[in-house]
Amino acid sequence: MSGFTDHPDQDFGVRIHDALGDAELRESFHGAMTFLRDKRRAQFPDADALETLRDSGAAIRDRALAQLPDLLEQLEDRCRHNGIQVHWAETADDANRIITGLIRAVNGQRIVKGKSMATEEIGLNTALEDAGFTCLESDMGEYIVQQAHETPSHIIMPAIHRNKASIARQFAEQIPDTPYTEDVDELIGTGRRVLRRAFAEADVGISGVNFAIAETGTLCLVENEGNGRMSTTVPDTHIAVMGIEKVIEKLADLPDLMRLLPRSATGQAITTYVNMISGPRREDECDGPRQVHLVLIDNGRSRIYADRQLRATLRCIRCGACMNHCPVYERLGGHAYGTVYPGPIGQVVMPQLFGLDHAGKLTQACSLNGACGEVCPVRIPLPDLIRRLRHEGVSADPASPVRGHGRQRRVSEALIWRAWQWIHTRPAVYRLVTRAATRARRLLPPLPRAWTRHRAPLEPAERSFQEWVRHHKKDHRP
Amino acid sequence: MKPRDRILSRLRHGRAASPATPYPAPETTAVTPSAPNIDSMVSALEAAHAQVFRMAEADWPDHLASLATERNWQQWWVGRDEAAATWQAHGSAPSVTVFEDWDGQKAALFDSAPISLSQAQGGIADTGTLIVESRPEAPRTLSLVPPVHVVIVREDSLFPDMPAAMVFYSRHGMPTNLIFISGPSKTADIQQTMAYGAHGPRELIVYLCR
Ligand code: SF4
């Protein structure tokens, strides 16, 4: 029920139905989303200042994307100079092969991982298992989810679908010598105890990257727990994994993005830790990894990049604000989407990664209310992009840049719209049709069940709106 | 062609085929205040659950010694930085371990190091942030592994805000590991309930010295 799939369209309706019927889940998400929205709002008391900051965030990310290939080369060059080894992966499989190879090369046995969406995206854990390795998630939420053989349901708070009673049960059952307790401090204490052992013994640490700074060859990682610091400091080998779009031009670009990211994500002015990694341990230093690797992943990004409008997708800094403000996500939760990135950003990213034939239906789970676009810290026009992808889904244009375009097209639907267009562009016909429909409204066939199952049946009014206006005017003429 | 070159060439192609109109930069940008606001440093750190003491630089060892007695802190772990030297010279701590041999001392650091003391190279007043650089005399894990971390930082080493700090590091270059610390380690991953001491220190004690 909660696995990621590369064909999220399949059974999407079933997952939606199940999610909506799960009262506990809806309660969890409603509580969590309200909490996160309130916290974010409290961090941005001045609406004008927020808009200026969003302009800046969008401009910084846009400027970086405009120079993307050049900045990637600069980043590679600076990283090499700093002693960080850089690897390039075109696909998820390539990335997994590279990472597995790096682990084999250092004869890695115990692997810990800090929170990283990029490694979720490429399905690294499964790939490592297939290669005979186990990789322990060390972010508390990710740890809980991994232990339960689930997948994250939110990009910032992975275990947001779980309440403390169910986590208490899980810990008591699965961790030796752990009594049942719903005390959150004690639960976190248990996680800390188990994961400390793992950190102390790990020989390979894997992490994501929030921003990579081309100017200095620095990998920037933000977090509250310290799992990122542990994973990137304690094991002898550190492997950082990032999408190629995460590069920014210079250190001076960081402050505004840092003003936006934690505030938008969790309503914090700053995270507890900001890690800026610019190389492995030096000869004269006592600790830190002896090797640092950076794996740059394309995985469809260069295709997204080629379309001027869709390119805005790549501005994303993965804050999660769009899902926190999405009324559909709040009611469904993350698992119903079946994708690594759920909610509005997922509805835009996933169809582009998997193709509209596999993930095009995701774009339908949207009321185009626009909340996501209004909160996005880097001003990604998410509703416009969702509409664009809906259009590509039914577009017959062979030049469409999106994979699987036109695959959501149905002849019946196309015919209905053709007829609608024909009627609406001919005033005489339009008058005739509305007249007929209003007068003969009791004779019209019932709407299909797909519509009426959850909604009241619709019936045309007694008079058309135009007639009503004409009538109204007559009555009120001075 | 190598994967690297294929990716870069796809990007260059894509850019040439549909060049972007750059997003206009905002008309006003944040101005850096000229002096760090010490009060905001203190209040932000306290809001993040850190304990802050302000005093003259000469006074912290005595103060810390009485705090240590009160809290029964015995086993101290330090590096070879200035704060460590001062603390060792003060002589009040029953046991001070110098952490300098990763392979030899790592297990003990994880298993039996209750409290560490280190110097922060600077801070960011606006957000209540300590700046900790990796250095030969200052191991990275000292500020991470022990459950209690005591930090000494000078008021005159504070930047007013993050842009000012970034200007400094852009000019002077980055250390291999630069960490901004704004409070003890924490998580809200279980039902949005805040818990301290997730993986790093549970307690952060800051001496802000004149
Ligand atoms: S699309 Fe915008 S709001 Fe959504 S995760 Fe990305 S940056 Fe945040």
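Only this structure's heavy atoms are used, side chains among them; waters, hydrogens and symmetry mates stay out. Numbered from 1 within each chain, the chains take letters A, B, ... in sequence-line order.
- Counting only heavy atoms from C-beta outward, the side chains of Gln191(B) and Leu187(A) never approach each other to under 4.5 Å.
- Ser302(A) and Arg6(B) are not linked by any side-chain donor-acceptor pair at a separation below 3.5 angstrom, with hydrogens and angles left out of the test.
- Judged by distance alone, with hydrogens and angles left aside, the side-chain atoms of Arg162(A) form no donor-acceptor pair with the main-chain N or O of Ile190(B) at under 3.5 Å.
- Between Arg140(B) and Arg281(A) the shortest heavy-atom distance is NH2-CA, 3.5 Å.
- Using a 4.5 Å cut-off between heavy atoms, Arg54(A) makes no contact with chain B at all.
- For Thr271(A), the part sitting under 4.5 Å from any heavy atom of chain B is the backbone (N, CA, C, O) and nothing else.
- Between chain A and the residues Thr127(B), Asn177(B), Leu144(B), Thr193(B), the most heavy-atom pairs under 4.5 angstrom are made by Leu144(B).
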Determine, step by step, whether Arg229(A) and Thr141(B) satisfy the side chain to side chain contact (heavy atoms under 4.5 Å, CB included) criterion, reporting the C-alpha distance in whole Å, the side-chain angles of both residues, the deciding distance to 0.1 Å, and the verdict. CA-CA 9 Å; Arg229(A) 284 193 72 188; Thr141(B) 42; over 6 Å; no

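- Proximity to chain B involves both the backbone and the side chain of Arg308(A), based on heavy atoms less than 4.5 angstrom apart.
- For chain A, no part of Ser9(B) is nearby; none of its heavy atoms comes within less than 4.5 Å.
- Taking CZ of Arg197(A) as the reference point, atom CZ of Phe110(B) lies at 8.5 Å (rounded to 0.5 Å).
- Contacts between Glu90(A) and chain B at a heavy-atom distance below 4.5 Å involve backbone atoms as well as side-chain atoms.
- With contacts defined as side-chain heavy-atom distances shorter than 4.5 Å, the pair Leu8(B)/Trp88(A) qualifies.
- Only the side chain of Ile167(A) comes within contact range of chain B, with heavy atoms under 4.5 Å apart.
- Counting only distance, with no hydrogens or angles, the side chain of Arg192(A) and the backbone of Gly200(B) share a donor-acceptor pair below 3.5 Å.
- Of all the listed residues (His13(B), Lys2(B), Lys186(B)), the one sharing the greatest number of non-hydrogen pairs under 4.5 Å with chain A is Lys186(B).
- Between Ser170(B) atom OG and Ile213(A) atom CD1 the span is 10.0 Å, to the nearest 0.5 Å.
- Taking 4.0 Å as the cut-off between side-chain N and carboxylate O, Asp189(B) and Lys115(A) do not count as a salt-bridged pair.
- Within the 4.5 angstrom heavy-atom criterion, only backbone atoms of Ala89(A) (N, CA, C, O) approach chain B.
- For Ile144(A), the part lying near chain B is the side chain, with the backbone staying farther off; criterion is any non-hydrogen pair under 4.5 Å.
- Proximity to chain B (any heavy atom under 4.5 Å) is shown, for Leu53(A), by neither the backbone nor the side chain.
- Ion pairing of Asp103(B) with Arg290(A) is present here, as a side-chain N (NZ or NE/NH1/NH2) and a carboxylate O approach within less than 4.0 Å.
- Heavy-atom distances place no part of Glu51(A) under 4.5 Å from chain B, backbone and side chain included.
- Contacts between Asn82(A) and chain B at a heavy-atom distance below 4.5 Å are absent for every atom of the residue.
- Listed for the Arg311(A) side chain is a donor-acceptor partner under 3.5 Å among the backbone atoms of Ser18(B).
- Between Asp298(A) and Arg4(B), no side-chain nitrogen of the basic residue sits less than 4.0 Å from a carboxylate oxygen of the acidic one, so the salt-bridge criterion is not met.
- Gln192(B) places a side-chain heavy atom less than 4.5 Å from the side chain of Ile160(A).
- Counting heavy atoms from C-beta outward, Lys250(A) and Met166(B) have side chains that stay 4.5 Å or more apart.
- Proximity of Met162(B) to Ile270(A): side-chain heavy atoms (C-beta onward) are separated by under 4.5 Å at one or more points.
- Within 6.0 Å of the CD atom in Glu46(B), the count of heavy atoms belonging to other residues, nucleotides or ligands exceeds 12.
- Side-chain atoms of Thr216(A) and Tyr169(B), non-hydrogen and from C-beta on, never get closer than 4.5 Å to each other.
- Residues Leu11(B) and Ile244(A) meet the side-chain proximity criterion, which asks for heavy atoms closer than 4.5 Å.
- Remark: the backbone N or O of Tyr305(A) is not paired with any side-chain donor or acceptor of Arg10(B) at under 3.5 angstrom.
- With a 4.5 angstrom heavy-atom cutoff, Pro184(B) touches chain A only via backbone atoms.
- Heavy atoms of Gln268(A) lying under 4.5 Å from chain B belong exclusively to its side chain.
- For the pair Ile277(A)/Met174(B), no side-chain contact is recorded, criterion being any heavy-atom separation below 4.5 Å from C-beta on.
- For chain B, the nearby part of Pro280(A) is the backbone; its heavy atoms alone come within less than 4.5 Å.
- Expressed to the nearest 0.5 Å, how far OG of Ser134(B) lies from CE of Met276(A) amounts to 12.0 Å.
- Taking both residues in full, the closest heavy atoms of Tyr273(A) and Pro201(B) are given as OH-CD, 3.4 Å, listed atom of the first, atom of the second, then distance.
- If you measure heavy-atom distances from Val132(B) to chain A, you find no contacts under 4.5 Å at all.
- Closest non-hydrogen pair, Ala66(A) versus Arg15(B), comes out as O-NH1, 2.7 Å.
- When the candidates Ser278(A), Gly226(A), Ala306(A) are compared by the number of heavy-atom contacts under 4.5 Å with chain B, Ser278(A) comes out ahead.
- Using a 4.5 Å cut-off between heavy atoms, Phe35(A) contacts chain B through its side chain alone, with no backbone atom that close.
- With a threshold of 4.5 angstrom between heavy atoms, Val222(A) does not approach chain B through any atom at all.
- Between the OH atom in Tyr196(B) and the OG1 atom in Thr272(A) there is a gap of 8.0 Å [rounded to 0.5 Å].
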Between Met157(A) and Thr187(B), is the side chain to side chain contact (heavy atoms under 4.5 Å, CB included) condition met? List the steps. CA-CA 10 Å; Met157(A) 310 196 99; Thr187(B) 183; over 6 Å; no

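- A distance of 8.5 Å separates CG of Leu178(B) from OG1 of Thr218(A), quoted to the nearest 0.5 Å.
- In this structure, the side chain of His199(B) does not engage the main chain of Phe199(A) through any donor-acceptor pair within 3.5 Å.
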